[in-house]
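Take a look at the structure set out below.
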Amino acid sequence: MTAQRSAFSETVESCEDCGESTPHDVRIEIQTESKKSENTEFSREPYRVAECLECGETTSKRMNNA
């Protein structure tokens, strides 16, 4: 079975590698920032992850800079 992309998950934005505006797959991921194994549940933060559908370049940006 082939997975289909939702039209809602594609966003056109600038890609530094391509040098132009291209479609991107954008999602929110919860990432653990602590490298220690103790208390990792307290070091999770939301990140905006964008993958260019033309070249495959992926960027992530922390959503909460508190």
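FYI, side chains are in, hydrogens and waters are out, and symmetry mates aren't considered; it's all heavy atoms of this structure.
Considering only heavy atoms from C-beta on, Asp25 comes within 4.5 Å of Leu53 through its side chain. Looking only at side-chain heavy atoms (C-beta outward), His24 and Cys15 come within less than 4.5 Å of each other.
Partners of Glu20 by side chain to side chain contact (heavy atoms under 4.5 Å, CB included), not counting sequence neighbours, listed by chain and number: Cys18, Thr22. In this structure, the side chain to side chain contact (heavy atoms under 4.5 Å, CB included) partners of Thr32, at least two apart in sequence or on a different chain, are Thr40, Ser43, Arg44. Taking the side chain to side chain contact (heavy atoms under 4.5 Å, CB included) definition, one finds that Glu33 meets it with Glu45, Tyr47, Arg62, sequence neighbours left out.
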Report task. Could you go through the side-chain contact (heavy atoms from CB on, under 4.5 Å) check for Arg48 and Thr59 one step at a time? Result -> CA-CA 8 Å; Arg48 180 187 188 273; Thr59 59; 5.6 Å; no
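Here the closest non-hydrogen pair linking Glu13 and Ala50 is OE2-CB, 3.7 Å.
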